[in-house]
J.: 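Sharing a structure, written as structure tokens. Questions coming.
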Amino acid sequence: MKYLIMVYGNPRSRAVWDSFTDEQRAAGMAEHTALRAAMDAAGELVLAERLEDPSTGTRLPAQPAALAALGLPSDGPFAEAKEHLAGFYLVDCASPERAREWAAGIPEAALGLVEVRPVWAG
């Protein structure tokens, strides 16, 4: 079963990262590099990517007619959340528990910024 492990960021976590010394940033990235290597060595890593800052992306605006037809309100062409997806790991594991084990090794997990979700197999 495939699981998407999503790593989130927010303005506060970004400010903490920006306050780190070069050595602290290198240590944080080394944790991700080691985790990625371990997932790969276990044969469970499908793909992992760090995403650019959300300001570089484009979200397609909602179409008013489609929203009205569904009865859905919206106040902008953006996700209504303070957090943004910062990166992800796609793993292929035998169980959700195994995916959560990998997710627990992500440095941002200690901050509550990691989510594990099964990939729809429909």
Side-chain angles (χ1 to χ4, degrees):
M1 179 83 179
K2 289 182 182 156
Y3 296 88
L4 185 62
I5 302 172
M6 294 167 278
V7 182
Y8 290 93
N10 59 46
R12 219 165 122 201
S13 66
R14 184 79 240 168
V16 169
W17 179 260
D18 289 341
S19 74
F20 285 172
T21 65
D22 289 343
E23 293 79 20
Q24 289 172 314
R25 282 192 200 111
M29 292 310 298
E31 288 183 55
H32 278 282
T33 300
L35 181 66
R36 184 179 180 150
M39 289 176 174
D40 195 37
E44 295 175 313
L45 179 65
V46 176
L47 179 67
E49 295 291 342
R50 178 179 174 186
L51 300 176
E52 290 288 344
D53 186 84
S55 65
T56 66
T58 302
R59 182 172 172 104
L60 300 178
Q63 300 299 312
L67 288 174
L70 295 173
L72 299 174
S74 178
D75 60 355
F78 47 82
E80 298 189 22
K82 293 178 184 166
E83 295 179 347
H84 61 270
L85 186 61
F88 66 89
Y89 293 85
L90 179 61
V91 295
D92 196 348
C93 301
S95 68
E97 294 79 19
R98 178 64 173 158
R100 286 192 294 268
E101 286 176 21
W102 285 124
I106 296 171
E108 290 85 351
L111 303 173
L113 296 173
V114 175
E115 176 184 354
V116 177
R117 192 182 310 170
V119 172
W120 186 51

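Heavy-atom basis, side chains included; hydrogens, waters and symmetry copies ignored.
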J.: So which heavy atom on Ser19 is nearest to which on Val16, and how close?
T.: OG-O, 2.6 Å
J.: With clusters defined by side-chain heavy atoms of hydrophobic residues (ILVMFWY) lying less than 4.5 Å apart, directly or transitively, does Ile5 cluster with Leu47?
T.: no
J.: Is there a side-chain contact (heavy atoms from CB on, under 4.5 Å) between Leu51 and Leu85 once you walk through the steps?
T.: CA-CA 7 Å; Leu51 300 176; Leu85 186 61; 3.7 Å; yes
J.: Indicate, with yes or no, if Val114 and Val46 share a hydrophobic cluster defined by side-chain heavy-atom contacts under 4.5 Å among Ile, Leu, Val, Met, Phe, Trp and Tyr.
T.: no
J.: Of the non-hydrogen atoms in Gly9 and Ala86, which two are nearest, and what is the gap between them?
T.: N-CB, 4.1 Å
J.: For Arg25, look at atom CZ and say whether over 12 heavy atoms of other residues, nucleotides or ligands are found less than 6.0 Å away.
T.: yes
J.: Counting only heavy atoms not in Glu97, do more than 12 fall under 6.0 Å of its CD?
T.: yes
J.: Between Lys2 and Val91, is the side-chain contact (heavy atoms from CB on, under 4.5 Å) condition met? List the steps.
T.: CA-CA 6 Å; Lys2 289 182 182 156; Val91 295; over 6 Å; no
J.: Report yes if some heavy atom in the side chain of His32 is under 4.5 Å from a heavy atom in the side chain of Ile106; otherwise report no.
T.: yes
J.: Verify the distance criterion only: is there a donor paired with an acceptor across the side chains of Tyr8 and Glu115 at less than 3.5 Å?
T.: yes
J.: Mark yes or no for whether Asp53, through its side chain, and Thr56, through its backbone, hold a donor-acceptor pair below 3.5 Å.
T.: no
J.: Going by heavy atoms in the side chains, are Ser13 and Glu108 under 4.5 Å from each other?
T.: no
J.: Say whether Leu4 and Met1 are linked into one hydrophobic cluster, either directly or through other cluster members, by side-chain heavy-atom distances under 4.5 angstrom.
T.: no
J.: With a 3.5 Å distance limit and no angle check, can you tell me whether Arg36 reaches the backbone of Ala48 through a side-chain donor-acceptor pair?
T.: yes
J.: Once you round to the nearest 0.5 Å, how far does CG of Leu45 lie from CG of Asp92?
T.: 10.5 Å
J.: Answer yes if Met39 and Phe88 sit in the same cluster of Ile, Leu, Val, Met, Phe, Trp and Tyr residues linked by side chain heavy atoms under 4.5 Å apart, and no otherwise.
T.: no
J.: How many angstroms lie between CZ in Arg100 and SG in Cys93, if you round to the nearest 0.5 Å?
T.: 11.0 Å
J.: Work out which heavy atom in Ala109 is nearest to a heavy atom in Ala104; give both atom names and the distance.
T.: CB-O, 4.0 Å
J.: If we ignore hydrogens and angles and just use 3.5 Å, is the side chain of Gln24 paired with the main-chain N or O of Thr21 as donor and acceptor?
T.: yes
J.: Can you see which heavy atom on Trp102 is nearest to which on Ala42, and at what distance?
T.: CZ2-CB, 3.8 Å
J.: Taking atom CD of Glu101 and atom CD of Glu44, what is their separation to the nearest 0.5 Å?
T.: 8.5 Å
J.: Applying the 4.5 Å side-chain criterion to the ILVMFWY set and letting contacts propagate, would Tyr3 and Met6 be lumped into a single cluster?
T.: no
J.: So which heavy atom on Val116 is nearest to which on Ala99, and how close?
T.: CG1-CB, 3.8 Å
